[in-house]
Amino acid sequence: MEQLLQQLNKSQGEAVQFIDGPSLVIAGAGSGKTRVLTYKIAYLLKQDLPAQHILALTFTNKAAREMRSRVSELVGENIARRLWMGTFHSVFSRILRTEAERIGFTSNFTIFDSADSRNLIKTIIKELQLDDKVYKPARIQSMISNAKNALVSPTAYAQSKEMLEYDMKAKVPQVKDIYKIYCNRLHAANTMDFDDLLYYTNRLFRDHPDVLAGYQNRFQYILVDEYQDTNFAQYLVVKQLADIHHRVCVVGDDAQSIYSFRGANIDNILNFKSNYPEARIFKLEQNYRSTQNIVNAANSLIKQNKGQIQKNVFSENAVGEKIEVASAFSDFEEGVIVANKIQDLRRSEDASYSDFVILYRTNAQSRVFEESLRKKNIPYRIYGGLSFYQRKEIKDVIAYFRMVVNPKDEEAFKRIINYPTRGIGATTVGKVTDTAQLHNISLWEVINDPLKYNLNVNAGTAKKLKDFHLLIDSFAQELPVATAYEIATKIVKESGIAREAYQDQTPEGMSRQENLQELLGGIHEFCESRIEEGESRVGLIDFLSEVSLLSDQDTDKEEEKEKVTMMTIHASKGLEFKNVFIVGLEEDLFPSSMAKSEPRGLEEERRLFYVAITRAENFCMLTYAKSRFRNGQTNSCHPSRFLRDIDKEYLKANTGVIEGGQGGEYSQYSQGGFWDTVRRNREEREELKETVRKETSIFEKPEFPQETAFPSRTNFVNVKNAQPKNPVNNNIGDIQVGATIKHERFGIGKIVSLDGDAASRKATVEFENAGTKQLLLKFARFEIIG
DNA sequence: AATCCACTTGTTTTT
DNA sequence: CAAGTGGATT
């Protein structure tokens with residue numbers, strides 16, 4: 001233990017060793033916050049507090065994983081494994097699954113992602129016949145989310161004068177109704193959205209003191225990472241759990257609070273002392289990450305904000321270089337400047353590509369840098385954007401999983417009822433929904449016995465619905481016995497997803513197959529590793545409950561080394577890089593035009609900039625463009641006010657970034673060459689996709705599941721089309737103007753003209769009985785008869 | 001029912 | 001520019 005403590009500085013050591021009451025650790029950027037948390041856990045364990053009595057909460061799975069592995073290094077894997085460590089959402093969902101019955105759910109509840117939530121809200125808005133131009137789904141969603149995070153129930157909402165007045169002023173008086181229906185629907189479907197995980201944990205503890213007492217007893221010591229980002233719901237759960245013993249340690253930095261748009265309340269950290277008057281406060285002020293110059297620059301910036309906890313972050317590292325500021329004529333040139341600088345630094349410093357990061361305010365900004373880096377053959381990876389689990393094909397499969405685990409899941413139902421297409425269209429789904437509402441039952445119950453509820457569909461459709469029910473049911477039968485991998489494979493094969501993917505030989509289709517393959521591989525891996533940890537059978541529910549809470553941050557792969565990283569500043573929190581480029585420092589972009597209206601928004605933007613700068617170890621460069629292509633047009637822009645917030649002495653204006661460069665020379669890029677580049681790069685990207693292929697794939701196995709779930713005519717046609725080397729029309733090449741053809745549906749016709757290139761040749765055909773039609777030869781089904 | 005096309009619309013950040 | 005929508009076409 002002595003040895004352990006020697007690796008800490010004075011304040012770190014004090015913070016670690018204080019375990020008899022509440023403590024707040026104010027951890028400046030780069031001051032060893034994770035170190036304190038992990039050593040503190042090790043210290044608690046050494047004081048004979050059993051691991052299963054320690055709860056550590058983080059915001060990201062990544063942070064939790066990293067903490068666990070670092071604790072493992074100190075105390076061994078066997079002990080670390082027993083810790084209650086995870087994100088708020090994952091720990092709470094685990095609790096809620098065990099206690100589900102107490103709050104009127106069952107333990108197999110499924111989790112809505114934000115797209116599901118928005119869809120449901122959209123549906124409700126339609127059902128209430130409200131104008132979605134006024135009741136914008138995204139906006140309503142965030143209003144509801146805020147209410148939940150503040151623990152305002154639908155009933156309380158409808159009774160709150162304040163809320164109602166606000167909504168009245170905002171011309172959306174019916175939000176209270178939407179909110180109520182939304183909650184009911186989620187509940188009826190045995191589903192929870194992200195906010196519910198926090199909300200219902202609170203309800204559980206509030207309404208069931210015996211349950212609360214159990215967890216208070218279990219969690220003898222509670223640690224919270226990134227405390228400045230907690231919202232009211234999170235704050236209150238922690239408070240309730242620690243209510244008896246007060247043994248809670250929260251770590252955070254008010255200067256890095258950047259999630260208020262998600263309900264994070266900076267007051268939680270500012271008021272910690274008044275909540276726990278006996279609390280000790282520790283300040284970690286020595287920054288081990290960055291050069292003095294970077295720390296000083298960041299300090300001078302954040303000084304412009306009011307109302308923060310007094311602290312004096314300092315560095316004893318080298319003074320370091322000044323922060324470079326570069327201006328570009330266009331966003332395109334900005335990309336070139338950054339790419340060149342990366343190349344230069346890599347040579348002069350012998351740096352690895354992975355030592356570089358490009359940070360931007362909005363995801364849309366990544367495009368230009370992708371192009372400029374690719375042009376120089378600099379490998380890169382983009383963090384964020386569409387995560388693996390948000391791809392359509394993956395979400396579709398996951399929807400099957402959800403439906404199998406929890407057949408009441410309404411959004412999952414709507415997603416897959418006609419995927420792969422089985423002749424159940426919007427009209428039918430509409431009828432099913434109406435019937436379900438009428439009888440106050442789930443969609444699932446309706447399709448179990450369509451006729452029983454007088455569903456107004458013909459016998460064929462009724463059968464299709466029933467068949468779908470049987471299909472899902474057949475998977476569900478396996479649930480208690482099969483592993484996640486077994487059942488997932490079965491689903492992919494027998495649902496027709498595999499068949500459909502196999503049919504599609506386009507590059508996009510191939511990449512979809514690959515993703516599906518990867519998903520199955522991932523599930524396999526998941527099962528294996530859980531087995532290794534000593535679990536007996538890893539079922540689909542286990543996989544699903546984990547995967548629903550993964551975000552794109554969590555899907556990073558090992559092979560991504562040796563690449564320049566690009567991400568939003570938000571995503572960069574907690575990370576560090578030798579060389580940091582912060583780009584797009586322009587008014588209305590950073591600070592965002594949205595945030596400028598209120599001073600608090602502006603301060604948060606400034607904290608965001610603070611976070612960005614403090615990611616840098618050695619070198620930091622700030623860039624802005626004088627014109628930028630946004631929303632389909634080029635706008636001129638002004639340098640960000642934040643550039644003036646930093647003391648001049650830490651900055652170095654940079655004009656000749658590129659070898660021999662004098663600004664104007666590069667304007668050529670921003671004009672003529674631009675569109676060319678865009679087009680060229682797009683073509684390259686297509687080619688790239690085409691070369692991607694997998695050798696082993698379930699999609700290439702010759703034997704396909706014979707037992708087709710839906711032996712309908714459509715299926716037959718599909719199977720015919722599935723012959724990959726047998727195009728619909730096998731004599732495109734021979735066709736000429738004047739030829740007579742016989743089309744499957746339009747009958748006999750004569751080709752009057754041909755145009756377009758080989759890949760997408762279009763024929764104008766005059767049919768005898770069907771008029772003149774344009775046919776894409778690639779797709780049209782006909783034969784040449786003369 | 002599904003696909004295609006012409007049109008509008010809009011953009012912050014995400015556990 | 002892009003994604004999403006509504007209408008027309010098959």
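Quick note on labels: first sequence line is chain A, next is B, and so on, each numbered from 1. Everything numeric in this text was worked out from a predicted model, so none of it was measured.
- In this structure, A:Asp193 places its CG atom 19 Å from P of B:dT14, rounding to the nearest Å.
- Within the structure, every side-chain polar atom (N or O) of A:Lys62 is placed at least 4.0 Å from both OP1 and OP2 of B:dT14.
- For A:Asn363 and C:dA2, the CG to P distance is 15 Å, given to the nearest whole Å.
- Atom CG in A:Asp131 sits roughly 14 Å away from atom C1' in C:dT5 (whole-Å rounding).
- Across the protein-nucleic acid pair, A:Asp132 atom CG and C:dG4 atom C1' stand 11 Å apart, rounded to whole Å.
- Between B:dT14, B:dA2, B:dT12, one nucleotide has an atom nearer to the side chain of A:Thr421 than all others, and that is B:dA2.
- Rounded to an integer number of Å, the gap from A:Tyr259 OH to B:dT12 P is 16 Å.
- At a threshold of 4.0 angstrom between heavy atoms, the contacts of A:Gly425 are confined to the sugar-phosphate backbone, with no base atom among them.
- Distance A:Ile382 CD1 to B:dT13 P: 14 Å, rounded to the nearest Å.
- Within 4.0 Å (heavy atoms only), A:Asn418 reaches sugar-phosphate atoms of the nucleic acid but no base atom.
- Comparing B:dT13, C:dC1, B:dG10 against the side chain of A:Lys136 picks out B:dG10 as the nearest.
- Note on A:Thr568: a side-chain N or O is less than 4.0 Å away from OP1 or OP2 of B:dT14.
- If you check every strand for non-hydrogen atoms under 4.0 Å, A:Thr428 touches sugar and phosphate atoms only.
- Under the 3.5 Å distance criterion, the side-chain polar atoms of A:Ser572 are left unmatched by any main-chain donor or acceptor of A:Leu575.
- In this structure, A:Thr427 reaches the B:dA1 phosphate: one of its side-chain N or O atoms is under 4.0 Å from OP1 or OP2.
- Residue side chain A:Phe261 meets the stacking definition with respect to B:dT13: its ring centre sits within less than 5.5 angstrom of the base's six-membered ring centre, and the planes differ by less than 30 degrees.
- Comparing B:dT14, B:dT12, C:dC1 by their closest approach to the side chain of A:Met594 singles out B:dT12.
- When the nearest nucleotides of DNA chain B are assigned to A:Glu604 and A:Ala426 by heavy-atom distance, the more 5′-ward of the two goes with A:Ala426.
- A:Leu585 places its CG atom 18 Å from the P atom of B:dT12, with the value rounded to the nearest Å.
- Applying the salt bridge (Lys or Arg N to Asp or Glu O under 4.0 Å) rule to pairs touching residues 141-152 of chain A yields A:Lys148-A:Asp193, A:Lys148-A:Asp196, sequence neighbours excluded.
- Within the nucleic acid shown, A:Lys596 has no heavy atom closer than 4.0 Å to any nucleic acid atom.
- Each of A:Lys133 and A:Ala364 lies near DNA chain B, and the nucleotide nearest A:Lys133 is the one positioned closer to the 5' end.
- OP1 or OP2 of C:dA2 sits under 4.0 Å from a side-chain N or O of A:Arg367.
- A donor-acceptor pair is defined here as one N or O able to donate and one able to accept, closer than 3.5 Å; such a pair exists between the side chain of A:Gln141 and the backbone of A:Ser114.
- A:Gln141 places its CD atom 14 Å from the C1' atom of B:dT13, with the value rounded to the nearest Å.
- Aromatic pair A:Tyr259/A:His570: ring centres closer than 6.0 Å.
- Within 6.0 Å of NZ on A:Lys136 lie no more than 12 heavy atoms contributed by other residues, nucleotides or ligands.
- If you take atom C1' in C:dG4 and the same atom in B:dT13, they sit 22 Å apart, rounded to whole Å.
- For the pair A:Lys392 and A:Tyr419, the cation sits on the ring face: its NZ or CZ lies under 6.0 Å from the ring centre, inside 45° of the axis.
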